[in-house]
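Step one of this worksheet: look at the structure below.
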Amino acid sequence: MSQAPTTTSDDVPFRYTAALAEQIELRWQDEWERRGTYFTPNPSGHLTDGEGRHADPAARPFYVMDMFPYPSGAGLHVGHPLGYIATDVVGRYRRMCGDNVLHALAFDAFGLPAEQYAVQTGQHPRTTTEANIAIMQRQLRRLGLAHDPRRSFATIDPDYVRWTQWIFLQIYGAWYDEDAVRADGGRGRARPVAELAEEYASGARPLPADVEGVTPGATWADLDEATRRRVVDSRRLAYLSHTPVNWAPGLGTVLANEEVTADGRSERGNFPVFQRSLRQWNMRITAYADRLTDDLDRIDWPEKVKSMQRHWIGRSTGARVRFAVQGGSEVEVFTTRPDTLFGATFMVVAPEHPLLDEVPAAWPDGTHDVWTGGHASPADAVTAYRAEAAAKTAVERQQDAGRKTGVFTGHLAVNPVNGALLPVFTADYVLMGYGTGAIMAVPGGDERDFAFAQAFELPVVHTVDAPEGAPEGARTGDGVVINSANDEIDLNGLTVAEAKDRVVAWLAERGAGEKTVTYRLRDWLFSRQRYWGEPFPIVYDEDDNPIALPESALPVELPDVPDFSPRTYDPDDADSEPEPPLGRNEDWLYVELDLGDGPRRYRRDANTMPNWAGSCWYHLRYLDPRAEDAVVDPELEQYWLGPGHGHQDASSVGGVDLYVGGVEHAVLHLLYARFWHKVLHDLGHVRSAEPFHTLFNQGYIQAYAYTDERGVYVPAAEVVEDEASPTGFSYAGEPAHREYGKIGKSLKNVVSPDEMYDAYGADTLRVYEMSMGPLDLSRPWETRAVVGAQRFLQRLWRNVVDEQTGELVVSEEAPSTETLRLLHRTVADVREDMEAMRINTAIAKLIVLNNHLTTLERAPRAAVEALVTMVAPVAPHIADELWHRLGHERSVVHARFPEADPAYLVEDTVTCVLQVAGKVRGRAEVSPSVTEDELRALALADAGVQRALDGRDVRTVIVRAPKLVNVVPA
RNA sequence: GCCCCCGUGGCGGAACCGGCAGACGCACUCGACUCAAAAUCGAGCGCCGCGAGGCGUGAGGGUUCGAGUCCCUCCGGGGGCACCA
């Protein structure tokens, strides 16, 4: 292994230069591959370690995972590997602490960019995607990541797609039983739909009333085949429905709510999005709203991500209240403030609300002119307003937020608490998609209602007391209830919370309302009109009924089509229709199958699944990417993910021990994956209740970019600091303006890892990226600072190897007490830092130790070996090389991380700080066991203390032995 | 508008429980080595001051023997949500 380097610095053949680093790194990468060094053994099955053994029962499993990459054609920049290096360091550290570490990297390879790239180049997306994966794998291999190569896969692999489709069928084949008791004692879980049909058939469960063809009092036996099917289909967790969906004509596809930005545009491509009613696949994620919220308390995630998920799910506790409408109908509202019911002075329904399908023929008495919008009849006014609202794009709605428009509908509703007649308006500030699409408006208690009341000259009644001189507007805070009493109920004098309970109880008694919970979360729109995604394992019969394909028909593979791109339209053409590319291959689209009742012709579903599908369950696939018998082997799942596995305590929900990735997936991937995992949990496929137990959001590496006078980006690498330039920087002699932000080709500030490998080597890049700052912080890339990391490794190298001869220079003598003290202090501190993922400060302490060894004539072997093992997680190549040169046969990967000897952690003297009035005036070397009295005397006798006291009396002396004394003058 | 996070040398950052502010690295300055340069090694490096010393963690106030750390107000930066009843 230790042949002479071929490339050397002029006169120092064994100096740790970029050339030598490269040689060492490539050699060890090959060696690791040859030996299967990073093969992670499972407790059973075909995956063993590099020496053919199953997992050591004494080793605790530790599962570390990265958010897997999307293999784009652009290649990596130095910002990309940050998280991968961090997980690698943690994984290597845990391995050296004796854990069985699972760490691998797959590829998230379906999706729009690959499809668009394929369209541009005229190549099949599979061809371009696989080529990109190969490039990325090469770039990542050069980093020396300790991944088990046997566990890599891509979401586009047919045997992965097969299981993605299988999971879809599980979800399709399940319904949510709100009453079923779970293992954890809670209520509600998914069950197979076959059991639902049995319960309907036996009469154990009443038939739903909201399905077409189910008449009141009907039994299962009364229903025809088509109705039975509709009943069951209406309860599935994956279901087809005609619902308003987000249609982006410019993209040619529909999108999930999570993929639409707040201003009503597509997250990808920034195209306008329109609401269209289309028949699409949906996933009943709303059934899990409560559990998705509650279980956030049981996982170790950044509070920021938890709060984003909580907010996205938007659980809100309040009441439903029913108002009779004159003319016989009824309108139900949702409110979080039932205590303000006496302050309701009008009502508002969304423009899409069914109450508006019929309106009174003429304006009732008492109609204000401003309410009618100048229309002659309610029908005219409502029709006009509905049309106006429907034509509004989401962007316009967004811009109009705050400005209140609306029109009176002619309807009058009766306030159940006081019989007051309330005019019913329609206005687009009330959304059909939330609550019941109707509100009771309380301008005295709600700012939006107040603004509407101002615009439409409606009365304001306050129901919460306010101090003298309080403004006229809505009182949204807590307070004492006023103006709220009728013959049967008196809320006056109560707090808001008390009044809520009281009025809800009263409403419930009279059947006019009840306490309820509502959510902001909507079901997940799950079909896309794209080519490059998983096809649905669904066919349709001649009546257009969906039929699940049997497992034996999986995977349903993508057909070749003449053109991969979805049909796109003018981005503003709201009336266009989605047209999926898969529909272009009729040979594939129509298929003859025998699904139990003889060969018949079926039509396949031409949609594909969204990009998120593959990332919902890849954490299960790493356990055994070749598993064929089950989505995941239960034994492996319990071992790597199960509740109470490895480092987790027995009451844990289970899940990946450390999941690292950017915060941008806070409500997309991370919510969807939790949902799928919970369905699989309910159906008995996994014991863990959550996929990711601990989540860590790494920051981003950013960079400076520079523009010239015209605002055009200039190559950042060629910009120099220049005092003569008014901006402080110049490019080609001209002033350059500096900005700070993303790394990107268009910004001309990309630094690729390959450049760093060439100039410094992978270990230096790793040390630099890990030492730049705390992992969760974004920080600027600075190429000129990388040399600091290289100097550290060079000094480490020189402490072991003679630069001229290549011979070992370590001393075989025992280290001095001073060295041992520093060594053990360093070991203790580095362990603590590593456990807390403070890799930056761990490196700082390793540098201190290394610098100390540098000052010695010869570094003692015992200290050097400990240092090399501690450096190994961060700089694995140089560590293995030095370890080998120090005479070890097995890789340092298998060495144990050093443990601190407590005997060397106690100092025999401590520096005690002597303060006067909190300011340091002196220091004293004292024994750690010094008494308070001794310290007090010592401090008062100190010259610096006396000088600072300047003759003043001493009021008191605070002693914190042995570190600090504070003398407080009078 | 609401919610959350963050403001420390020229720069990235450290200070974990309220107890020596500025670990470690970059840049910079000086010195050694060298014909010279690079590399390397050594010393210095918050600000003001010749000095003793004074002042310093966005600003102001508070709590405390003692505050970068806790509390209040404000300023600045970043992020999330945004007519969600």
Side-chain angles (χ1 to χ4, degrees), chain A residues 9-12 15 17 262-263 302-305 307-308 311-312 314-316 318-319 333-337 340 347-348 350 397-398 400-404 427-431 433-442 445-449 451-452 518-521 663-664 666-667 721 767-768 771-774 776-789 791-792 794-795 798 803 829 832-833 836 838 840-848 850-851 854-855 911-923 947 954-960 963-969:
Chain A
S9 165
D10 307 344
D11 49 352
V12 209
R15 171 156 296 168
T17 58
D263 60 350
E303 206 42 55
K304 176 184 167 156
V305 176
S307 90
M308 281 167 73
H311 188 267
W312 187 262
R315 179 161 64 192
S316 172
V333 305
F334 171 73
T335 176
T336 57
R337 295 293 304 276
T340 63
M347 302 190 70
V348 186
R397 263 181 187 249
Q398 172 69 17
D400 287 352
R403 216 184 71 217
K404 296 288 178 287
D428 63 4
Y429 83 93
V430 172
L431 311 173
Y434 185 78
T436 60
I439 62 160
M440 62 177 208
V442 184
D446 183 285
E447 278 157 17
R448 295 152 303 182
D449 296 345
F452 193 88
T518 192
Y519 303 91
R520 209 183 80 107
L521 184 70
V663 72
E664 69 271 17
V667 286
E721 278 184 56
V767 170
Y768 173 64
S771 64
M772 288 165 82
D776 51 359
L777 206 80
S778 293
R779 54 289 208 20
W781 176 266
E782 211 181 342
T783 297
R784 70 177 182 180
V786 178
V787 71
R791 286 180 192 148
F792 164 50
Q794 275 178 343
R795 276 198 289 268
R798 267 202 305 273
E803 290 190 324
D829 287 353
E832 205 180 309
D833 284 346
R838 292 189 299 257
N840 55 326
T841 53
I843 291 172
K845 284 153 195 166
L846 293 174
I847 292 173
V848 171
N850 189 48
N851 287 349
T854 304
T855 64
T911 306
C912 181
V913 176
L914 310 177
Q915 297 180 333
V916 176
K919 290 191 193 305
V920 180
R921 300 298 175 180
R923 292 185 173 79
R947 200 180 326 123
V954 173
R955 177 147 63 101
T956 179
V957 181
I958 309 280
V959 183
R960 291 285 178 274
K963 304 278 282 188
L964 180 133
V965 180
N966 188 12
V967 179
V968 187

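We name chains A, B, ... by the order of the sequence lines, and we start the count at 1 in each one.
- Classification of G60(B) as anti follows from a glycosidic angle more than 90° from 0.
- Put simply, Arg520(A) has a side-chain N or O that comes within less than 4.0 Å of OP1 or OP2 on A82(B).
- Looking at heavy atoms from C-beta onward, Tyr434(A) lies out of side-chain contact with Tyr519(A) at the 4.5 angstrom threshold.
- A gap of 15 Å separates the P atoms of C28(B) and C11(B), to the nearest Å.
- Remark: Arg960(A) pairs with Ile958(A), Leu964(A) by the side-chain contact (heavy atoms from CB on, under 4.5 Å) rule, at least two apart or across chains.
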With sugar-phosphate taken as primed atoms, P, OP1 and OP2 and all else as base, the protein-contact string of nucleotides 15-31 of chain B at under 4.0 Å (heavy atoms; B, S, -) is -B--BBS-BSSSS----
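- Where pairing requires Watson-Crick or G-U contacts shorter than 3.5 Å, the helical stems of RNA chain B with at least three consecutive pairs are B:1-7 with B:75-81, B:10-12 with B:24-26, B:28-32 with B:40-44, B:46-48 with B:53-55, B:58-62 with B:70-74.
- Between the NE2 atom of His311(A) and the P atom of G80(B) there is a distance of 13 Å, rounded to whole Å.
- Not counting sequence neighbours, Lys404(A) has no partner by the salt bridge (charged side-chain N to carboxylate O under 4.0 Å, His left out) test.
- The 5' end of RNA chain B is approached more closely, in terms of each residue's nearest nucleotide, by Arg779(A) than by the other of Arg779(A) and Leu431(A).
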N/O contacts under 3.5 Å, protein versus nucleotides 50-56 of chain B?
from: G53(B); atom 1: OP1; to: Arg947(A); atom 2: NH1; distance (Å): 3.1

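- Here Val954(A) pairs with Leu940(A), Leu949(A), Val957(A), Val967(A) under the side-chain contact (heavy atoms from CB on, under 4.5 Å) rule; sequence neighbours left out.
- Looking only at side-chain heavy atoms (C-beta outward), Val663(A) and Lys304(A) come within less than 4.5 Å of each other.
- Residues satisfying the side-chain contact (heavy atoms from CB on, under 4.5 Å) test with Glu447(A), not counting sequence neighbours, are Ala474(A), Thr476(A).
- Remark: Arg779(A) pairs with Leu82(A), Met772(A), Leu775(A) by the side-chain contact (heavy atoms from CB on, under 4.5 Å) rule, at least two apart or across chains.
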Polar pairs (N or O, both sides) under 3.5 Å between protein and nucleotides 77-79 of chain B?
from: G79(B); atom 1: O2'; to: Lys304(A); atom 2: NZ; distance (Å): 2.9

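- Taking a cutoff of 4.0 Å between a charged side-chain nitrogen and a carboxylate oxygen, Lys845(A) and Asp833(A) qualify as a salt bridge.
- Contacts of Tyr429(A) classified as ring pair (Phe, Tyr, Trp, His ring centres under 6.0 Å), with partners at least two apart in sequence or in another chain: Phe452(A).
- By the salt bridge (charged side-chain N to carboxylate O under 4.0 Å, His left out) test, Arg784(A) pairs with Glu721(A), Glu782(A), sequence neighbours left out.
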Take Ile439(A) and Thr335(A) through the test side-chain contact (heavy atoms from CB on, under 4.5 Å) and record every step on the way to the result. CA-CA 7 Å; Ile439(A) 62 160; Thr335(A) 176; over 6 Å; no
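- Nucleotide C30(B) is shown with an anti base, its glycosidic torsion being more than 90° from 0.
- Shown here are the salt bridge (charged side-chain N to carboxylate O under 4.0 Å, His left out) partners of Arg315(A), two or more places apart in sequence or in another chain: Asp290(A), Asp294(A).
- Whole-Å rounding puts the Tyr768(A) OH to G12(B) P distance at 11 Å.
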